[in-house]
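This is a predicted model, so every value here is computed, not measured.
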Amino acid sequence: MSNNLKSTLITLGFAFIAIFVALVIGGILIQFTTEATVIEAYTALYNDAFGDLRSILNTLWRSTPLILTGLAVAFAFKCGLFNIGAEGQLLIGGFVAGVAGYAITGLPAVIHVTLCIALAMLAGGIWGGIPGILKAKLGVNEVINTIMLNLIALQITVRYGIQQLRLEGAADNTPRIEETAELTRFTDTFINDIFDLPGGVRVHTGLVLALLAAVFVWYLLFKTRTGYEIRAVGINPSGAEYGGINVAKNIFLVMFISGALAGLGGAVEVLGTHRYFTSGLDAGLGFTGIAVALLGNNNPGGVILAGILFGALTQGGMGMQFAGVPREIVTIIQALVIFFMASLQMFKIFIDKRRAKEVAK
Amino acid sequence: MSSENKEALKEELILQMKGITKVFPGVKANDDVNLEVKKGEIHALVGENGAGKSTLMNILYGLYQPEEGEIFYNGKKVTLDGPMASINLGIGMVHQHFMLVEPLTVTENIMLGSEPTVAGLFTDKNSATKKVKSISDKYGLKVNPNETIEEIPVGMQQRVEIIKTLYRGADLLIFDEPTAVLTPQEIEELFEIFKTLKDQGKTIIFITHKLKEVKAISDRITVLRQGKTTGTVETESVSEEDIAKLMVGRNVLLKVDKKEAQPKNVVLKVENLTYKDSRGVNILKGVSFDIKEGEILGFAGVEGNGQSELVEILTGLKKATSGKVTLKGKDATKATPMQFKKWKVGHIPEDRHKRGLILDYNLAENMVMGYHDTRPFSQPFYMNFNAINAHADKLIPEYDVRTPGSHVKARALSGGNQQKVIIAREFSQQPDFLIASQPTRGVDIGAIEFIHRRIIEQRDEGKAVMVVSAELHEVMSLSDRIAVIYDGNIIDIVDAKTVDEFQLGAMMTGSTPKKEESDNE
Amino acid sequence: GCGTGSDTDDNGADENGAENGVAEDPTRVGLVLSTGGLGDQSFNDAAYRGLEQAEQDLGIEFDYIEPEDSAEDENALRRFAEQDYDLVIGVGFQMQDTLKEVAEDMDHINFAIVDGGYAEIPDNVATLNFAQHEGSFLAGALAALVTEVNTIGFMGGVESALITQFQAGFEQGATHVNPDVDIDVRYVGDFGDIARGRETARGQVERGADVIYHAAGGSGTGLFEVAEDEEIYAIGVDSNQNMVAPGYVIASMLKRVDTAVYSITESVVNDAFEGGKDYIFDLSDDGVGLTSLTDLDIEEEDAAETERITQEQLEAIQEMKQSVTAEHAETIEELRQQIISGEIVVDTE
Amino acid sequence: MLDILTQIFSLSMMFAGLRMATPLILASLGGILSERSGVINIALEGMILTGAFFAVWGSYTTGNPWFGVLLAIVAGMVLASIHALVSVYFKADQVVSGTAINILATGLTVYLLQILFGVSGTSPRAVRLPAWSLGTVSFNPMVYLALILVPIIWFVLYKTPWGLRIRAVGEHPQAADTVGINVNRWRFICVTLSGAFAGLAGVSIAIGEGSYFVNGMSSGRGFIALAAMIFGKWNPFGALGASLLFGFTEAIALRADFQYIPSQLVRTLPYIITIIVLAGFIGKARPPKAVGKPYNKGER
Ligand SMILES: Nc1ncnc2c1ncn2[C@@H]1O[C@H](COP(=O)(O)OP(=O)(O)OP(=O)(O)O)[C@@H](O)[C@H]1O
Ligand SMILES: Nc1ncnc2c1ncn2[C@@H]1O[C@H](COP(=O)(O)OP(=O)(O)OP(=O)(O)O)[C@@H](O)[C@H]1O
Ligand SMILES: [Mg+2]
Ligand SMILES: [Mg+2]
């Protein structure tokens with residue numbers, strides 16, 4: 001156990017080093033090609049990501065959909081499936097939530113919100129389930145189908161759906177959802193009374209849902225029979241089949257749940273953040289989710305941390321823009337952080353080798 | 001021995017490995033190991049599973065770098081920092097798990113890395129094929145140069161591996177358990193090849209768990225135990241029992257000892273079973289037999305005659321094309337693997353890596369695979385890992401699985417111990433019907449003894465047992481009745497006590513009058 | 001980025017500021033761009049240009065933010081407001097709800113939104129709207145007049161609330177002058193894909209169009225390339241694009257977001273900001289309109305002077321105007337007057 | 001109805017399809033090289049974008065479009081070599097590394113457009129590659145190049161020692177290792193080369209038919225190319241077929257006149273067709289066995 005703790009600490013230590021190296025390289029760019037200084041830029045990055053309560057909450061707010069898409073990708077990975085389609089599943093889920101949010105009226109809030117979320121998850125689930133069933137029954141590669149479904153989802157929801165549903169003269173959104181369909185912002189809850197939240201805090205109960213989803217995924221994967229079966233299929237489908245596990249069923253199930261998680265990601269963005277389905281929802285949350293999942297080592301806890309890291313980079317990135325760093329450099333720094341975090345693997349191998357040497361003596 | 005002779009002996013040594021130590025995370029795989037091999041001899045390397053044989057050979061082939069130790073080749077000290085260094089010295093290796101690229105052809109695999117070219121640009125397939133032909137003629141290694149590895153039988157794959165080493169001019173050939181996956185005929189052929197190689201002046205290091213083979217073919221034997229060298233002996237001077245004792249450190253029972261069978265009710269009835277594979281080839285052509293409580297029905301046959309498919313149909317992993325399977329009176333023709341488990345059918349699969357284990361699951365998780373949905377392991381909303389771990393902690397000593405604990409991944413165990421994990425799992429569920437397919441493949445003698453004893457125990461407890469093995473010896477000593485399978489048909493079912501090896505061998509190759517009869521169906 | 005315009009611009013601003021005597025406390029303007037960001041060849045670029053101009057002429061200071069996605073809009077708006085900027089401008093009506101929310105929270109700050117509409121405009125918000133449908137009406141009319149084969153084309157970027165207005169105006173204008181004209185309407189499906197834009201335009205040419213109007217941002221560049229290759233006419237959009245393919249772009253429909261942004265900034269500088277109002281920029285105040293059909297525009301001459309186009313190219317533009325569009329100038333002017341006077345009502349959808 | 005059919009099967013539609021397919025062909029060839037050697041290259045998208053940028057910059061600064069071609073190739077290779085370094089030698093997850101490359105490329109091109117051209121969004125006009133006429137048809141050189149490279153890559157993969165090694169490395173790296181093939185070096189080479197192909201794809205969208213760089217102009221082509229590669233079963237001719245199918249259906253979506261179907265839905269056509277074709281006719285595509293797994297000597 002203490003060994004486990006030690007290796008976790010070592011990993012964390014390296015993570016900090018990785019981020020540090022990325023920031024140093026980014027800093028060189030900032031220092032020499034922008035009018036901001038490194039210190040200004042990174043102070044802004046930190047302040048906007050974690051500097052005060054509002055920043056921390058907004059970081060969490062930005063992390064919310066990323067945690068969900070990250071979980072979606074990670075969950076599929078555990079079953080050996082590469083779900084590049086979180087983007088499309090998120091769009092479909094968000095769209096359905098948006099439509100259900102305004103089209104259904106007269107329901108009590110709890111029921112309406114729950115219904116919207118359920119429908120969104122169902123829709124996302126179907127969108128993930130299609131490549132799932134094609135893989136399970138016909139063996140068709142899921143990567144290609146999820147890519148295709150991303151593109152189809154974009155056309156159906158953002159391009160076509162919005163144009164059909166938007167009110168005349170209005171922007172590219174579906175109509176605003178009913179209040180009963182909203183996910184409550186923290187500013188509208190008792191939390192506000194306790195902490196006296198400043199304006200501009202947008203974190204909403206979607207965050208709670210994301211964390212619950214992570215717990216759910218963790219529990220499902222590591223504590224239940226279904227999880228046992230899913231992981232077995234992911235590692236060795238033939239072995240799982242031998243063990244009486246229905247491989248096809250599990251592949252479909254996993255893609256369905258994965259899609260539902262991404263769909264939930266769309267729903268929280270619509271019901272909590274935007275309050276309508278908007279063309280702005282098509283912002284690469286699904287693709288970033290891939291990086292979140294893999295950086296998080298495909299484990300729910302790791303996904304939460306990686307999601308927060310990305311949320312912080314986005315949130316802090318805005319701060320850097322205010323400090324005079326153009327957005328593209330912020331983007332470059334984000335890429336660098338991912339690179340160096342991903343390269344951590346090398347250090348782990350290095351450490352293992354060193355250990356072997358020590359044992360030999 | 002005169003001092004002059006001693007000098008000559010030194011001259012003769014092609015290889016010396018001195019004080020080799022290799023550590024893997026958690027294991028000292030080789031601990032100050034010494035090995036001396038003479039030019040032109042066949043040198044057997046034996047030891048229990050996990051003794052460090054493969055590791056030592058991988059070091060010799062440059063795949064692993066030892067933490068300590070020196071290697072002398074032809075008297076000169078060498079550094080083997082990669083396979084290329086070894087290849088250039090004239091060392092070749094045939095790995096236990098073949099190093100062949102499945103979608104490539106035989107010739108492509110052989111020339112890989114040392115391809116002849118035309119104009120330095122494109123592959124000169126003709127000259128490669130020619131060279132392959134000439135090697136195959138010289139050493140009697142029959143291969144089909146243009147077929148892909150996927151399409152050819154295991155025996156031929158192995159010959160491809162041998163040609164690969166010779167193609168690169170190997171003088172010292174390492175064989176890591178070459179016979180584990182071969183049929184008796186193929187083993188015969190391999191030994192013929194060994195002799196030809198030896199006649200041509202090649203040196204062979206040969207790892208095996210089958211002491212009969214050691215006796216039959218080797219000149220000298222080096223024994224490893226728990227990562228250390230126990231000693232090197234002349235083959236002529238020792239008996240099989242002696243070797244066994246050197247390996248295991250105790251006396252081992254090499255013969256299977258069993259009482260008379262007491263067959264009772266029919267457990268499994270198979271009627272006219274046929275199976276066509278996805279390419280439409282008839283694999284099983286109408287097989288009928290039954291198995292009773294308290295007996296062992298063995299299946300003898302050259303691999304690839306339908307045994308594997310038969311086993312998979314009887315465990316739900318494949319669906320029969322026609323025919324009927326009745327298990328304990330219930331129709332099981334279309335049953336799923338899970339249903340078979342529920343009906344208490346235990347299955348030791350022929351391929352432990354592909355089917356038998358989830359290599360990245362730990363032992364505890366592996367030990368409930370297939371029963372993971374039963375109490376107490378599975379509860380309505382969670383898996384009871386305490387129960388699962390307790391289950392493993394109970395079985396590990398009971399089945400003598402050598403491991404640091406139940407939390408270790410199955411991947412980290414040696415083959416023999418992996419096999420014991422499977423056996424522990426299947427037996428612990430008290431099956432009414434047990435199918436054991438190649439139950440001792442790649443397993444050391446100590447473990448073989450153990451596994452055989454356990455199988456017979458099952459029979460004596462009144463269970464029905466079906467044993468499928470490529471090893472005739474194993475089938476004969478375990479079975480009460482023996483079904484001989486050839487080309488998708490059961491040629492005959494004979495009494496194990498009355499049949500002899502030659503009769504069986506003949507039937508297995510289809511050369512009995514009965515063959516025509518069944519072919520007419 | 002603090003006016004990440006080049007250094008020389010900043011110096012220029014300082015000098016100008018000093019001259020105007022407001023150096024100690026210059027007016028600060030915050031600009032939150034829409035997600036396309038700078039380089040969209042449309043309102044983002046224009047809004048930025050307007051502030052650059054204001055920086056030079058009025059000695060203001062400005063900052064801009066390019067949000068990564070629209071969820072960030074609020075953050076950016078609020079940050080500007082909290083830092084007591086004198087004017088916070090949001091671009092694009094995607095932002096309208098968020099901007100209103102922030103503006104209501106921060107009612108001591110002046111806000112403006114480009115392309116935004118509210119039933120009830122908050123007192124501290126000015127909405128800047130453009131009659132792009134009216135300008136597009138003229139573009140449509142011109143296209144219908146110029147075509148020799150009675151087939152014209154409209155190439156949109158992505159079907160969206162805004163682009164629909166361009167399309168509606170264009171169609172109405174074309175059929176107004178020639179009820180029988182065939183209008184080939186196409187959408188590229190992307191605002192930044194030249195290759196797709198090109199194929200779309202080629203398809204339109206193949207179906208017979210010889211004058212094509214685009215509202216497709218960066219994808220529209222593909223149209224100009226096709227115009228040159230296939231020797232047809234194109235009509236540019238948003239800013240003067242006549243120089244992109246000189247001689248082949250017969251006119252551009254101008255949408256003066258820069259002027260609008262400039263003038264609202266000016267009102268703040270002069271303490272004359274009036275919120276709660278919808279400022280409509282249309283044909284009457286040249287907020288929208290076509291580039292000159294008869295003579296060279298200042299921008300065109302300027303481009304030649306700064307050597308962004310060659311003298312020959314300038315001449316090609318001039319010659320094209322004389323031989324192609326000049327003859328229709330009067331008709332177009334008449335239509336313009338009719339729209340201004342309300343005689344013709346142009347629809348937005 | 002008939003009208004639609006004649007439109008779809010017209011010669012000009014074929015040509016348009018070929019033009020749209022060109023970047024896909026080139027990029028998918030790059031994808032094949034990389035994945036055949038065992039490295040997932042999800043970064044094609046970013047490499048195409050970067051290639052497009054440097055094609056324009058090279059052409060613009062020198063006035064010689066061929067210099068743009070050269071720069072695009074180099075730029076693609078540099079970016080790819082980062083991917084290779086991180087995922088092959090540092091054993092990073094290949095998908096993460098690829099995602100990072102894609103993010104990097106979006107930032108980098110915008111940044112460079114600012115630094116090198118002093119503009120944002122759309123570059124100034126660069127000199128276009130000359131069209132080459134062949135009898136009555138005329139295409140930009142990249143079209144011919146793509147068509148020629150297909151058999152060449154096929155030839156390299158299946159008829160030369162290099163191809164043999166590449167395939168072995170992607171299928172069974174241990175086997176390759178045991179005959180002295182340097183697995184990591186071959187992977188590095190293949191991934192880096194794939195960048196050259198992606199760079200050429202960038203050339204074709206930037207200065208092949210046109211003369212500008214626009215932010216984000218790769219528009220997801222890298223992912224479609226990836227799909228084409230899988231669709232074509234990692235075989236150059238298969239990828240060619242798949243790319244042509246994509247290009248052709250895309251051309252139809254852009255150019256054909258479907259009266260009653262909204263254009264947004266017409267645009268989903270290529271993707272729906274792909275899903276159906278894969279499900280109905282092609283079925284299983286078996287990737288190179290070792291793809292996605294960093295090679296560690298001591299591991300099995
Ligand atoms: N790559 C590796 N990483 C970690 N442990 C290893 C590795 N290779 C071997 N080992 C461990 O080293 C020990 C010796 O293994 P080795 O393969 O040499 O045994 P062996 O004598 O060949 O066994 P077998 O008879 O089963 O083939 C075993 O405990 C094994 O688990
Ligand atoms: N990365 C690893 N970690 C732990 N153990 C390993 C690792 N790689 C190999 N081993 C173990 O080292 C041993 C050496 O492999 P070897 O080729 O001798 O197979 P084996 O033990 O005979 O297994 P089998 O007979 O089932 O194929 C194996 O038992 C294997 O499980
Ligand atoms: Mg071994
Ligand atoms: Mg073994």
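- In this structure, no portion of C/Gln204 lies under 4.5 Å from any heavy atom of chain D.
- Taking the charged nitrogens against the carboxylate oxygens, C/Asp229 and D/Arg128 do have a contact shorter than 4.0 Å, which makes a salt bridge.
- Heavy-atom minimum distance, C/Ala195 versus D/Met20: O-SD, 4.3 Å.
- The part of C/Arg207 that comes within reach of chain D is its side chain, from C-beta onward, which places non-hydrogen atoms under 4.5 angstrom from that chain.
- Residue-environment remark: OH (C/Tyr233) stays at or below the threshold of 12 foreign heavy atoms within 6.0 Å.
- Salt bridge status for D/Arg255 with C/Asp184: absent, with no side-chain N to carboxylate O gap under 4.0 Å.
- For the pair D/Ser219 and C/Gly192, the tightest heavy-atom approach, listed with the atom from each and the gap, is OG-O, 4.2 Å.
- Distance check: C/Leu38 CG to D/Asn215 CG gives 9.5 Å after rounding to the nearest 0.5 Å.
- Both the backbone and the side chain of C/Arg202 come within contact range of chain D, with heavy atoms under 4.5 Å apart.
- Neither the backbone nor the side chain of D/Ala251 comes within contact range of chain C; no heavy atom of the residue lies under 4.5 Å from a heavy atom of that chain.
- Within the 4.5 angstrom heavy-atom criterion, atoms from both the backbone and the side chain of C/Val244 approach chain D.
- In this structure, the separation between CE on D/Met217 and CG on C/Asp193 is 7.0 Å, given to the nearest 0.5 Å.
- Within a 6.0 Å sphere centred on CZ of D/Phe223, heavy atoms belonging to other residues, nucleotides or ligands number more than 12.
- Looking at every heavy atom in both residues, C/Thr221 comes nearest to D/Tyr212 through CG2-CD1, 3.1 Å.
- In this structure, CD on C/Glu199 lies 12.5 Å from CD1 on D/Ile252, to the nearest 0.5 angstrom.
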For the pair C/Glu206 and D/Met13, evaluate side-chain contact (heavy atoms from CB on, under 4.5 Å) and give the outcome as yes or no after the intermediate values. CA-CA 10 Å; C/Glu206 240 161 60; D/Met13 191 66 85; over 6 Å; no
Working for side-chain contact (heavy atoms from CB on, under 4.5 Å), residues C/Tyr187 and D/Arg267: CA-CA 10 Å; C/Tyr187 278 88; D/Arg267 243 168 261 139; 3.4 Å; yes
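- Between the OG atom in D/Ser263 and the CZ atom in C/Arg186 there is a gap of 8.0 Å [rounded to 0.5 Å].
- Taking CG from D/Leu254 and CZ from C/Arg196, the interatomic distance works out to 6.5 Å, rounded to the nearest 0.5 Å.
- A salt bridge does not link D/Arg125 to C/Glu225: none of the charged nitrogens lies less than 4.0 Å from a carboxylate oxygen.
- In this structure, no portion of D/Ser218 lies under 4.5 Å from any heavy atom of chain C.
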